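These notes concern the structure reproduced below.
In what follows, every heavy atom counts, from backbone to side chain, and hydrogens, waters and symmetry copies are set aside. Quick caveat: nothing in here was measured; it's all calculated off a predicted structure.
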Amino acid sequence: MFKKIIKIFILTLMVLSNSYGNNKKELIFYVGITMIKPIDLLAKEFEKEFNCKIKILQGGSQDLYNSIKSSQIGDLYLPGSLSYRTDNLKDGLLLDGQFVGFNKLSFIVKKGNPKNIKPSLEELINEELSVVLGNDQSGSVGLATKKLLEKFNLYEKAIMNTTFLATDSRNLISAIKENKADLTLNWYATIFWDENKNFAEVISLDENLSNKSKLVINLLKTSKNPLLAKKFMDFASSQRGRDVFRDFGFLNENELKEFNKVTF
């Protein structure tokens, strides 16, 4: 994990150094891997409207936060779970927040579900299946997985049955695509990525098993352009932003209707 933090830190410094001499205002975003698609799309639209440049650093939510603390650089942080906000507010780096959608845990299996896997957590301890789970020390999906399975006293058994632990949602979906896993517990939205649709499919879990987590964009204390960063937060939660997050699996129609009622 230390090597990943160093890598993100180096990339952050490169982004900063490349900005010198550029007359456009620049924003630096730290974005959890699962949310990179909608943020990238919205960032491109925002750049055109406000004549600015947005640099996006992606990775596991914990690795990204560690990099923010180390570098003291950046404008916005979007982790894959609200816990990264609530647990780290004491550090003083995270200021205003804006809700944009939900992450939901689901089973992701090979296209066609050849192993006939059922939407039951007991499948994670089935010794006949190759199971890959997320690492709780690096990414939001691993942390959410741990919390869910501990609730049902299955975490230790599931860990003992895993082929390996993946650092983040992208590596979890790669395990399916590369035939390294029959079953993963991953964020639902990953199945909406074009590069995954032909190789994997989702098995939705009951609402009480999805461990639905609010997604909140955080303004960073280190922001050099806080007013512009806040404008992006507003844009991400506008009707256009909501439509984009819906299209990538972070909001359904009922959640869109209740969007303005969500608190955190």
Side-chain angles (χ1 to χ4, degrees), residues 29-46 54 56-61 64 78-82 84 98-114 117 119 132-134 139-145 148 166-207 209-217 232 235-259 262:
F29 292 1
Y30 296 82
V31 181
I33 286 173
T34 311
M35 294 77 66
I36 196 67
K37 301 286 187 178
I39 290 296
D40 185 58
L41 178 57
L42 291 173
K44 286 181 170 60
E45 295 180 8
F46 190 85
I54 295 175
I56 300 175
L57 299 172
Q58 57 179 299
S61 297
L64 290 173
L78 175 57
S81 170
L82 180 62
Y84 290 94
Q98 179 61 60
F99 167 74
V100 292
F102 293 99
N103 251 338
K104 306 162 197 173
L105 286 175
S106 297
F107 281 172
I108 305 295
V109 301
K110 296 176 184 177
K111 192 73 172 179
N113 191 15
I117 294 169
V132 176
L133 297 177
S140 60
V141 67
L143 185 61
T145 293
L148 173 64
T167 56
D168 49 50
S169 59
R170 176 177 290 150
N171 285 322
L172 281 170
I173 200 79
S174 292
I176 293 291
K177 294 166 67 175
E178 296 169 6
N179 294 314
K180 295 178 180 178
D182 300 315
L183 170 64
T184 66
L185 187 57
N186 201 353
W187 292 128
Y188 171 76
T190 58
I191 205 65
F192 283 74
W193 301 352
D194 288 340
E195 61 266 35
N196 297 335
K197 292 178 180 178
N198 294 328
F199 301 94
E201 67 180 61
V202 67
I203 299 177
S204 295
L205 300 172
D206 288 341
E207 186 75 14
L209 300 179
S210 68
N211 211 19
K212 187 164 76 170
S213 182
K214 298 168 186 173
L215 295 173
V216 173
I217 297 180
F232 183 87
F235 178 54
S237 64
S238 68
Q239 188 58 55
R240 171 56 181 161
R242 297 178 200 186
D243 290 343
V244 170
F245 275 96
R246 177 201 59 202
D247 292 345
F248 283 98
F250 296 100
L251 291 166
N252 59 35
E253 293 306 320
N254 287 333
E255 290 161 351
L256 280 170
K257 292 176 183 178
E258 301 294 317
F259 189 94
V262 176

Heavy atoms only: give me the nearest [X]-[Y] pair and the separation to one decimal.
X	Y	answer
Val132	Ala181	CG2-CB, 3.4 Å
Val141	Leu172	CG1-CD1, 3.7 Å
Phe248	Leu41	CE1-CD2, 4.2 Å
Ala236	Leu42	CA-CD1, 4.2 Å
Ser61	Gly32	OG-CA, 4.4 Å
Trp193	Ile173	CZ3-CG2, 4.3 Å

Residues forming a salt bridge (Lys or Arg N to Asp or Glu O under 4.0 Å) with Lys214, sequence neighbours excluded: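 For Lys214, no residue satisfies salt bridge (Lys or Arg N to Asp or Glu O under 4.0 Å) once neighbours in sequence are set aside.
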Contacts of type salt bridge (Lys or Arg N to Asp or Glu O under 4.0 Å), residue Lys257, not counting sequence neighbours: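 Counting only residues at least two positions away or on another chain, Lys257 forms no salt bridge (Lys or Arg N to Asp or Glu O under 4.0 Å).
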Results of side chain to side chain contact (heavy atoms under 4.5 Å, CB included) for Asp247 - residues two or more places apart only: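 Applying side chain to side chain contact (heavy atoms under 4.5 Å, CB included) to Asp247 gives none.
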Modelled atom types, side-chain donor and acceptor of Ser140 and Ser81, under 3.5 Å: no
Thr190 and Ser169: side chain donor to acceptor below 3.5 Å: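 Not at all, the side chains of Thr190 and Ser169 share no donor-acceptor pair under 3.5 Å.
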Extract all donor-acceptor atom pairs below 3.5 Å that involve side chains of residues 197-206 and protein atoms in other chains or at least two apart in sequence.
| unit_1 | atom_1 | unit_2 | atom_2 | d |
| --- | --- | --- | --- | --- |
| Lys197 | NZ | Asp194 | OD1 | 3.3 |
| Glu201 | OE1 | Gly112 | N | 2.6 |

Is there a side-chain contact between [X] and [Y] (heavy atoms, below 4.5 Å)?
X	Y	value
Leu143	Tyr84	yes
Phe102	Leu215	no
Leu148	Leu105	yes

Ionic contact status for Lys37 with Glu195, cut-off 4.0 Å: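 Yes.
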Electrostatic pair Arg246-Asp243, nearest N-O below 4.0 angstrom: yes
side-chain contact (heavy atoms from CB on, under 4.5 Å) assessment of Lys110 paired with Asn179: CA-CA 8 Å; Lys110 296 176 184 177; Asn179 294 314; 3.6 Å; yes
Set of ring pair (Phe, Tyr, Trp, His ring centres under 6.0 Å) partners for Phe232, sequence neighbours left out: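 Scan of Phe232 (ring pair (Phe, Tyr, Trp, His ring centres under 6.0 Å), adjacent residues dropped) gives Phe29, Phe46.
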Partner set under ring pair (Phe, Tyr, Trp, His ring centres under 6.0 Å) for Phe245, not counting sequence neighbours: Phe250
[Y] backbone acceptor or donor facing [X] side chain under 3.5 Å:
X	Y	value
Asn211	Ala144	yes
Ser238	Phe235	yes
Ser213	Leu82	yes
Asn171	Ala166	no

Separation of [Y] [atom2] from [X] [atom1] (nearest 0.5 Å):
X	Y	atom1	atom2	answer
Glu255	Phe99	CD	CZ	7.0 Å
Phe107	Ser210	CZ	OG	12.0 Å
Asn252	Lys104	CG	NZ	4.5 Å
Lys111	Ile191	NZ	CD1	7.0 Å
Ile108	Asn186	CD1	CG	5.5 Å
Gln58	Ile39	CD	CD1	12.0 Å

